[in-house]
Amino acid sequence: MKSAIKVIKEQIDHFYLIRRLSLYELKSKNKNNYLGMAWEVLNPSIQILIYWFVFGTIRQREGIEVAPGVDAPFILWLLGGFILWNFFYQSTIQGSKSIYSRLRMLSKMNFPMSIIPNFAIVSQFYIHLIMLGISIIIFQFTGLFFVNIYYLQFIYFIFAAFCLIYALSLITSTLSTIIRDIHMFLNSTLRMGLYLSGVLWPLTILSGYPIVMNIMKLNPLYYLIEGYRAALFGTEWYFITHWEYTLVFWAFVIVLFLFGSALHVKFRRHFIDYL
């Protein structure tokens with residue numbers, strides 16, 4: 001618990017530095033590209049079009065039921081989940097390698113290493129906000145789903161996503177510094193998560209296998225994705241209606257954060273030894 005409190009305090013005390021470093025990270029990453037940061041939006045957009053073409057057009061998939069008697073075009077349903085998935089995937093990958101890729105720089109600076117995964121996440125958050133804004137505009141132009149009161153849920157689910165990603169990044173960034181193979185393993189594992197989190201297909205098609213379906217619904221990423229869709233489609237207050245999943249999600253995040261904080265604080269004084 002002491003480690004967790006220490007890590008939280010470091011984030012609060014160095015909030016300004018996190019914001020500055022995250023902006024620098026985003027700019028330096030794209031400074032050699034002609035289109036600059038536009039690629040941060042173009043890449044996920046191209047992926048969405050590919051998945052829509054493969055899973056929506058070629059297979060001629062019908063609309064997905066988002067509420068009783070309400071169907072949404074597959075492209076909108078896909079978009080609602082993919083923007084969250086892309087934020088989660090990119091942030092977790094960047095967070096996992098955030099410390100070991102900057103060890104030489106960190107050896108010459110004096111600030112807590114626990115903020116390193118955080119500014120990597122925040123740099124991806126700016127892109128996520130842009131993608132979310134574009135998605136909301138697309139939804140308005142369809143004439144099917146408009147801005148509604150349920151959009152207030154975004155505040156909660158963005159915060160929840162931050163907590164989950166940071167907790168995971170504390171663990172993976174520490175382990176990746178000690179064992180570099182962890183990053184490669186994480187990359188492969190997360191790619192599987194795209195197909196197991198309800199991003200490309202609704203888990204309700206497993207209704208014939210209720211045990212399997214219920215286990216898959218315990219996935220914290222599924223909880224976040226469905227929350228985003230509930231807001232975009234204006235169907236329900238997801239975190240209240242499905243309060244059981246809310247409790248499971250936060251229990252999972254708290255355990256991850258406590259473990260990640262203890263692990264990080266224990267090993268960070270030895271990180272420079274892995275140069």
Side-chain angles (χ1 to χ4, degrees), residues 41-90 127-158 160-161 164 190-210 212-242 245-246 249:
V41 175
L42 287 174
N43 277 329
S45 299
I46 292 171
Q47 283 184 279
I48 290 171
L49 290 175
I50 291 173
Y51 288 128
W52 169 68
F53 179 73
V54 173
F55 294 96
T57 304
I58 294 180
R59 296 187 59 186
Q60 297 181 341
R61 175 170 288 181
E62 297 179 355
I64 306 294
E65 187 177 60
V66 295
V70 179
D71 289 347
F74 178 74
I75 182 63
L76 294 184
W77 182 87
L78 174 64
L79 185 62
F82 192 86
I83 54 174
L84 190 281
W85 158 258
N86 186 68
F87 173 49
F88 172 81
Y89 176 77
Q90 295 295 338
I127 305 301
H128 178 63
L129 285 182
I130 295 173
M131 290 296 297
L132 181 59
I134 293 173
S135 300
I136 290 173
I137 292 172
I138 292 174
F139 268 65
Q140 308 316 300
F141 275 105
T142 62
L144 297 173
F145 304 98
F146 301 99
V147 174
N148 56 80
I149 188 65
Y150 296 107
Y151 272 38
L152 292 174
Q153 291 179 99
F154 281 127
I155 299 173
Y156 164 78
F157 283 108
I158 287 173
L164 173 62
L190 288 181
R191 291 185 185 279
M192 289 193 300
L194 178 65
Y195 300 93
L196 301 176
S197 304
V199 179
L200 300 178
W201 52 278
L203 296 188
T204 52
I205 67 175
L206 294 174
S207 56
Y209 306 90
V212 176
M213 182 180 71
N214 289 330
I215 291 175
M216 292 181 69
K217 284 185 175 182
L218 294 177
N219 182 345
L221 187 55
Y222 172 80
Y223 171 79
L224 296 174
I225 289 171
E226 289 302 300
Y228 260 54
R229 285 174 174 151
L232 285 169
F233 295 120
T235 56
E236 59 184 345
W237 297 103
Y238 189 84
F239 66 99
I240 297 176
T241 305
H242 301 275
Y245 293 133
T246 300
F249 173 85

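Throughout, residue positions are numbered sequentially from 1 according to the sequence presented. What you are looking at is a predicted structure, and each value in this text was computed from that prediction instead of being measured.
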For the residue pair Met216 and Tyr222, what are the closest heavy atoms and their distance? O-CB, 4.2 Å
Ring centres of Tyr238 and Tyr150 under 6.0 Å apart? no
Are His128 and Gln90 close enough that a side-chain donor and a side-chain acceptor fall under 3.5 Å? no
Looking only at heavy atoms, the pair that brings Asn219 and Leu196 closest together is ND2-O, 3.8 Å
Checking Leu203 against Trp201 for the side-chain contact (heavy atoms from CB on, under 4.5 Å) test, could you report, in this order, the C-alpha distance in whole Å, the side-chain angles of both residues, the deciding distance, and whether it holds? CA-CA 6 Å; Leu203 296 188; Trp201 52 278; 3.6 Å; yes
Could you label the plane-to-plane angle of the Tyr228 and Phe157 rings as parallel, tilted or perpendicular, counting under 30° as parallel and over 60° as perpendicular? perpendicular
Do side-chain atoms of Asn86 reach the backbone of Phe82 as a donor and acceptor pair under 3.5 angstrom? no
Side-chain contact test, heavy atoms from C-beta onward, threshold under 4.5 Å: evaluate it for Leu221 versus Leu84 and give yes or no. yes
May I ask you to decide if the ring planes of Trp85 and Phe88 are parallel, tilted or perpendicular, using 30° and 60° as cut-offs? tilted
Could you go through the side-chain contact (heavy atoms from CB on, under 4.5 Å) check for Phe139 and Val147 one step at a time? CA-CA 8 Å; Phe139 268 65; Val147 174; over 6 Å; no
More than 12 heavy atoms of other residues, nucleotides or ligands under 6.0 Å from CZ of Phe146: yes or no? yes
Just by modelled atom types, is the Ala230 backbone N or O under 3.5 Å from a matching donor or acceptor in the Glu236 side chain? no
Tell me, do Ile138 and Leu76 make a side-chain contact under 4.5 Å, heavy atoms counted? yes
